[in-house]
Amino acid sequence: NFVIIPKLWQEIMTDGRFKKLLDNCDDLGIVGICYDWRLEENKFRYMIGIRNEKVELEGTKRVSFDDDVFASFKAVGKLPDSVQRTTKFIYQEWFPQSEYEHSSGPELEIYPTGDTNSEDYVCYYMVPVKK
């Protein structure tokens, strides 16, 4: 997820799909979603999208997820470094020291509009949890 996912982001940013998403997103911004976990294989699916039920974009699909309880983490800094640091912190430090475990629901990356190359850029990483 530290190699393939950044390549996917680069691809959609250069082929015009990112602009279509950005033009149609709400105040939440762009989202990255890790879902369909196969923990025993250490695999999951990943998609980039928006929250907007009123728009149908060519070449996209609509998905919905069950309600989950999430632990939310703020990632500050330039992308993708800040999100990768935050993800490592969650799995290497926070989970082992907390009373929570991953619930196998979708993980959400929330990317509000802004300068993603700025050291002050703020986004959020949300992990589904259970006690």
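Since this is a predicted model, take the numbers as computed values, not measurements. Worth knowing before you read on, the calculation uses all heavy atoms, side chains too, and leaves out hydrogens, waters and symmetry mates. The first residue in the sequence is number 1, and the count goes up from there.
Every side chain to side chain contact (heavy atoms under 4.5 Å, CB included) that K19 has, sequence neighbours left out, goes to D23. Remark: D120 engages no residue in a salt bridge (charged side-chain N to carboxylate O under 4.0 Å, His left out) (not counting sequence neighbours).
H102 and K130 get closest at one heavy-atom pair: O-CE, 3.9 Å. Summarising the geometry of V76 relative to S82, their closest heavy-atom pair is O-CB, 3.4 Å, with the distance given to 0.1 Å.
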| Between E119 and K78, does a side-chain contact (heavy atoms from CB on, under 4.5 Å) hold up when you go through it step by step? | CA-CA 5 Å; E119 295 300 326; K78 187 176 178 177; 4.0 Å; yes
| said: Go through it in stages, so that I can follow the logic: the residues are Y111 and W9, the test is side-chain hydrogen bond (donor to acceptor under 3.5 Å, both in side chains), and I'd like the CA-CA distance, side-chain angles, deciding distance and then a yes or no. | reply: CA-CA 12 Å; Y111 299 106; W9 277 96; 5.0 Å; no
| Does the pair N117 and L79 meet the rule for a side-chain contact (heavy atoms from CB on, under 4.5 Å), with working shown? | CA-CA 6 Å; N117 289 312; L79 293 179; over 6 Å; no
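To the nearest 0.5 Å, atom NZ of residue K74 and atom OG1 of residue T86 are 11.0 Å apart.
No side-chain donor-acceptor contact under 3.5 Å links Y100 to the backbone of P128.
Considering only heavy atoms from C-beta on, V127 stays 4.5 Å or farther from F70 through its side chain. Two residues are said to be in side-chain contact when any heavy atoms from C-beta on lie closer than 4.5 Å; M47 and C34 fail this criterion. The shortest distance between side-chain heavy atoms of V31 and L108 does not fall below 4.5 Å. Residues I50 and D26 fail the side-chain proximity criterion, which asks for heavy atoms closer than 4.5 Å. Taking the side chain as every heavy atom from C-beta outward, D68 and P106 approach each other to under 4.5 Å.
Checking each of Y91, Y125, W94, Y124 against F73 for a ring-ring contact (aromatic ring centres under 6.0 Å, His included) leaves exactly one that passes, namely W94. For the side chain to side chain contact (heavy atoms under 4.5 Å, CB included) with I110, the lone residue among L28, I30, V122 that qualifies is L28.
Residues K131 and E101 are not paired through a salt bridge, judged by the lack of any N-O separation under 4.0 Å between the basic side chain and the carboxylate. Ionic pairing of D27 and R51 is present here: one or more N-O contacts between side-chain nitrogen and carboxylate oxygen are shorter than 4.0 angstrom.
Using cut-offs of 30° and 60° for the angle between ring planes, the F44 and W37 rings count as tilted.
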